K.L.:
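This is the structure, below, for whatever I ask next.
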Amino acid sequence: MNTQSFQINRRRFLKATAAISAATGVPAWFLEQDRAQAAAPKPLGPNDKPGIALVGCGGQGRGDCGAARRFGEVIAVCDVDQSHADSAAQQFKSGEKVPAVYTDFRKLMERDDVHVIVTGTPDHWHTLVNLLAVKTGKDVYSEKPLTLCIDEGKRLVKAVRENQRILQVGSQQRSDAKFRLACELVRNGRIGKLQHMIVGLPTGPKGGPFQSIPIPESLNWDFYLGQAPKMDYVGEVEIKKAPDGTETKNYRAKCAHWDFRWWYCFSGGQMTDWGAHHNDIAQWGNGTERSGPVEIDGKSLSEMTPGGFTAAANYRINMKYANGVTMTIVDENTGTDRNVVGNANRTPNGIQFLGSDGWVFVTRGSIKASKPELLDTPLPEDRPVKLYKSSDHMGNFFDCVRSRKDPVCDVEIGHRSISVAHLGVISVRMNQPLKWNPDTEQFTGANAAAANQWIVREQRKPYDYSFIA
Ligand SMILES: NC(=O)c1ccc[n+]([C@@H]2O[C@H](COP(=O)([O-])OP(=O)(O)OC[C@H]3O[C@@H](n4cnc5c(N)ncnc54)[C@H](O)[C@@H]3O)[C@@H](O)[C@H]2O)c1
């Protein structure tokens, strides 16, 4: 590069850096250090275009698949709702080539030309899809929350490692410089000794009571339910009256397609939905990303509506780690941890790290600190803790598919991050304080026997592990 074009590029970079810095609060020194370390992207060779298949063609799965197609060819899509699969096939066609459509992921996994699975199903299907994928030699980009219960995570970790597969969990905050910066500041002592973390999550909805509504023709409801107990297809009915008195009914499902996440049988509510993201960052900042808390004390703080959503809407969970750091996970409207950032009436959505010498708060879109110099003073280049750097979550996954190295949110990290949320949900549902051994991944103490039963969930047949045997 000649001197002139170097200077133009440098000027452009400084301008772009200043804009990013002003918009997000990430200081320019951190962006500059990142750029200095950036490796040149690896060129794609002719054999370097993996075949991609999407399982679960809803909003997020399609978003992920759109990001994945930059690195390969989408050759198959699968959904238990035929209409979702059909429209995804149209979305991901390339010229005249339309991806093959499946409604049973087991058939799709038989294909040798599928190298990568993007899993965008609801939470209760992630594990069976991912297990079969790695057993049939595919690499996986799986949406968070990685699992429905802790036992699923243990099985998945084992299978990924035994089959030497790459699995990236869709916790994309790990590939966002703000979150990495916050964790590096904390891990390098910028706020002194870390003492407490406050994880603010959205409040869950309290819909209901709902009524049975007709199942759409395109949807295989029994397959959708999968391992979850049998339940009616429920939702809301809106009756419209025309001027001539004729009535039409509009049905809005409240059990499937997006709203599954508010039902305990499919998910864990906001505790596992947003909790998967923010607990992951708390674990990263605390240096416990391959471990977990030792004490958990959770409470649901409001009644749910009978016949409505079943995952707690208002909750507060206090946890303690073996290193003495404590953590509060609370929904925004319940939170009383309002002393640190922003609106005095809510706990803000994000993660606050509180240390002996100040605090750092990070959320999507901004990073703040108790004193400007905590952010503005560069960390030394040779700082003791430099965290895994990724600035493109899907790109990092495909880099690892090529290099066979672990991605930024590998299977153990994803399992441990969501275990924090599962532990919170268990304590809330048992309404008891619990003790946990992160090494053995078992509860200990007085109520251990009862608590250990919650590590596993009963799977409705035929959708148990034999379904993918
Ligand atoms: N990373 C993020 O920021 C982020 C954001 C949104 C959602 N998500 C996660 O993505 C996942 C999907 O969420 P969504 O909002 O797209 O839900 P969605 O309801 O829009 O889509 C889920 C799709 O999976 C299909 N499906 C259900 N069971 C299936 C099966 N056995 N095989 C194939 N398809 C099946 C459904 O019919 C539906 O089309 C969830 O786990 C959610 O937590 C992540």
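Atoms considered below: every heavy atom in the structure, side chains included; atoms not considered: hydrogens, waters and symmetry mates. Computed from a prediction, not measured in an experiment: that's the story for all the values here. Whatever order the structure lists them in is the order used to number ligands and atoms, beginning at 1.
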K.L.:
So which pairs with a foot in residues 395-426 pass ring-ring contact (aromatic ring centres under 6.0 Å, His included), sequence neighbours left out?
P.N.:
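Of all non-adjacent pairs touching residues 395-426, those that pass ring-ring contact (aromatic ring centres under 6.0 Å, His included) are Phe71-Phe398, Tyr141-Phe397.
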
K.L.:
Cation-pi check for Trp274 against Arg364: NZ or CZ below 6.0 Å from the six-membered ring centre and within 45 degrees of the axis, yes or no?
P.N.:
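Judged by the rule (NZ or CZ under 6.0 Å from the ring centre, within 45° of its axis), Arg364 counts as positioned above Trp274.
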
K.L.:
Answer yes if the side chains of Asp86 and Gln90 hold a donor-acceptor pair under 3.5 Å, and no otherwise.
P.N.:
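Gln90 and Asp86 do not have a side-chain donor-acceptor pair below 3.5 Å.
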
K.L.:
Test the Arg429-Tyr264 pair against the cation-pi criterion, namely NZ or CZ under 6.0 angstrom from the six-membered ring centroid and within 45° of the ring axis.
P.N.:
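Checked: cation-pi criterion met.
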
K.L.:
Any idea which residues sit under 4.0 Å from ligand 1, heavy-atom distances?
P.N.:
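Residues near ligand 1: Val55, Gly56, Cys57, Gly58, Gly59, Gln60, Cys78, Asp79, Val80, Asp81, His84, Gly120, Thr121, Pro122, Asp123, Trp125, His126, Glu143, Lys144, Pro145, Gly170, Gln172, Phe223, Tyr224, His257, Trp258, Phe260, Arg261, Asp273, His277.
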
K.L.:
For the residue pair Gln227 and Glu152, confirm or rule out a side-chain donor-acceptor distance under 3.5 Å.
P.N.:
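A pair is found: one side chain offers a donor N or O, the other an acceptor, under 3.5 Å apart.
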
K.L.:
Centre of Trp258's six-membered ring, under 6.0 Å away, within 45 degrees of the axis: is that where NZ or CZ of Arg261 sits?
P.N.:
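Positive - Arg261 is close enough to the ring of Trp258 and near enough to its axis.
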
